[in-house]
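Worksheet: the structure to be examined is printed underneath.
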Amino acid sequence: MNALVKAQNLSYKINDKKLFQGISFELLKGKALHIQGENGSGKTTLLRMVCGLTKPTKGDLITLTDKEVCFIGHKNAIKQYLNVEDNLALMNLNNHHDLQKYLSVFDLDKSLDINIANLSFGQQKKIALLRLFLNRSDLLILDEPCVGLDTNSQEILVDFLKKELANGKGIIYSSHIFLDFDSDSLGI
Amino acid sequence: MQVIKFEFLKLLKKSRGWLGPILVFILIMIAYPLTVEVSDVELKQSFFSILWIAALLVIMLATEDIFLEDFNDGTLEQYAILQKNLSFIIGSKVFVYWLVIGVPISIIGTIFCVGTTSQTAFGYQILPVLLVSTYIFMNVFSFGNALSLTKGSVLGTLVTLPLLLPILIILGKVVVAINFDLNYSGFLLLLLGILSIIIMIIPMIISYIIRAHLE
Amino acid sequence: MFDIEFNSLAEALLMQSQNGQNHGIYVWSVVLIVILCISISFVFYKYKIKEISKKIK
Amino acid sequence: MFQVNRAYPYIFYLSLITYLLSIFWGLFLTPEDFVQGNSYRIIYLHVPASFISQSLYLAMAIASAVYLIWKVKLSVYLVRSIAPIGAVTTFIALISGSIWGIPTWGTWWVWDARIVSTLILFIMYLGLISLHDSFNNNEKADKFLSILVLVGSVNIPIIKMSVEWWSTLHQPASITLSEKPAIDLVMLYPLFGSIIGFTGLIACLVILSSKLQIIKREKNKSWVKDYV
């Protein structure tokens, strides 16, 4: 048993308008799945379905992991009026042993006491990505993780994802920016 | 425990969220004597109705964005994914809001009550009633705001305010009971009973609603 | 049991009570309101159904 | 739905005739009330409306429970179609009650518990209508609507008990199942008749309204196209 997600014949419709239909896939440990599709084709909906937020109209979806799922969505889930340190505490990451390493990689270690509202969009995205880098999950679900990131950070992201794949974790992601690592693709 | 700590952190750093409602409450309590001819009798007659309505309106104001902010920045969806027990988080969120806003309002209301009626014994009886009723208001308005999460708070209030009118009627009865030395503790027990049902059920309903919103 | 209470139409419209007050205006205005509300709702729903059926066709 | 359609004219005419006959009976054939004079005849219009306005809410509560538990779509259509009709009947009950109040109590509005709770019921119906009109995602709106109806149903027992809780001007319910009726039998028969007739008429309205709701929501289905 090394499958993480099994999906069979997933369909979703909203107000009788069909979004997608008959999608089946299986995600094994140590594999990545790239969801591809046009705007409005339902990529985000499919990813949220894997997270358990949205229920499919038809079809079965099983997630076979007893750990929490790590989800990076369009919304950053960080508080604008708090500083970086408090936000890390809210995300339960302030005691993580790798925290200092990634803070310095992202050049954030000197702005711990700055309010999020004063940071740029890209920096905010980086803080949201710390949730990914310091994850305690088997299954990583990334919805457009590269929006607003510079090339350097994208490389760091790709390197990290490769390492996680080698560790036997599963990744499902959607991205319009090409990420250079080994992944299957699924078009919807 | 950690959830409660985090909610405290979030609410306390957002001073307009908690200080605003408390100041509005104080202002209402100061403003209403100006509208009556200053004679003690008239003040005492209308004091309690102003007190209940002020508490109701201020709690309504305070719960306005209790879920909206977390919904907009994606915190709620992270909660929904990470923790299975969403209703517990919601229950503690409402509890923290009550602790930070409802309790001060109750204490301030009691002070005003003692000041107006100049009877300290009234204060002892009014304080528990205020504490319980603000917690009930908090829960019900949170429910309303969860219903109309992205539609503005007017709709939610419109829809849930009718549910609170029976509570207001009981509060009116409480004042009569205190004034005439009648069965006061019976009403307090009734309010406590209503509260205990509400804090069991409302967080579950809200978490169901929020999951539906996230869908 | 089945005696008609009023002798003429005018009397029925006025509905004078024993205490001398004319209650007809109250009773008849309520009758009017009820009939209006019910018939307007019927007409409204019939019209709406017709309208949407036309649209679907 | 097709069976309902076939039965509809029978229900409609039968209840219309029953209603009109009992109203006629009540207005012209019953004796004058000793205390209230002729104004008591409003009872034949007021009581059916207030009875129905509460029963409709109960029906909505049951239908929304059915929707939330078994996900039966038809029941939430029922909830949606009942809401405006409930608002209309509550409106009738309020207006007829306050007109009745002028000759009997000398005032058209009293802050009496039962009247106030009927007013609350009216506002709740309006709130329900505004809630389900404000969502563009139908399934979401359905869920929220049925939750709100269920939570609001705590208000119904309060309406029922309020008269006993606060003794004021309003007379207690004229007809109860357990006790002997408080009014004369001669006046009771037409009252029963008008309640039955009015219920039938409102049932017809509900049928029409849910028909509209079904056609609206399922307009892409082929059977709806065949039907219209």
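All values derive from a computational prediction rather than experimental measurement. Below, read A as the first sequence line, B as the second, and so on, with proteins coming before strands; counting in each chain starts at 1.
- Of all the listed residues (A/G73, A/C70, A/G52, A/A89), the one sharing the greatest number of non-hydrogen pairs under 4.5 Å with chain B is A/A89.
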Geometric donor-acceptor pairs, no angle filter, chain A-chain B, under 3.5 Å:
unit_1: A/R48; atom_1: NH1; unit_2: B/E77; atom_2: OE1; d: 2.9
unit_1: A/R48; atom_1: NH2; unit_2: B/L214; atom_2: O; d: 2.7
unit_1: A/F71; atom_1: O; unit_2: B/Q78; atom_2: NE2; d: 2.8
unit_1: A/K75; atom_1: NZ; unit_2: B/F71; atom_2: O; d: 3.4
unit_1: A/A77; atom_1: N; unit_2: B/D73; atom_2: O; d: 2.5
unit_1: A/K79; atom_1: NZ; unit_2: B/E69; atom_2: OE2; d: 2.7
unit_1: A/K79; atom_1: NZ; unit_2: B/D70; atom_2: OD1; d: 2.3
unit_1: A/K79; atom_1: NZ; unit_2: B/D73; atom_2: OD2; d: 2.8
unit_1: A/Y81; atom_1: OH; unit_2: B/E69; atom_2: OE1; d: 3.3
unit_1: A/Y81; atom_1: OH; unit_2: B/E69; atom_2: OE2; d: 2.8
unit_1: A/D86; atom_1: OD2; unit_2: B/K13; atom_2: NZ; d: 2.7
unit_1: A/N92; atom_1: OD1; unit_2: B/Q2; atom_2: NE2; d: 3.4

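- In this structure, the portions of A/L53 lying under 4.5 Å from any heavy atom of chain B include both its backbone and its side chain.
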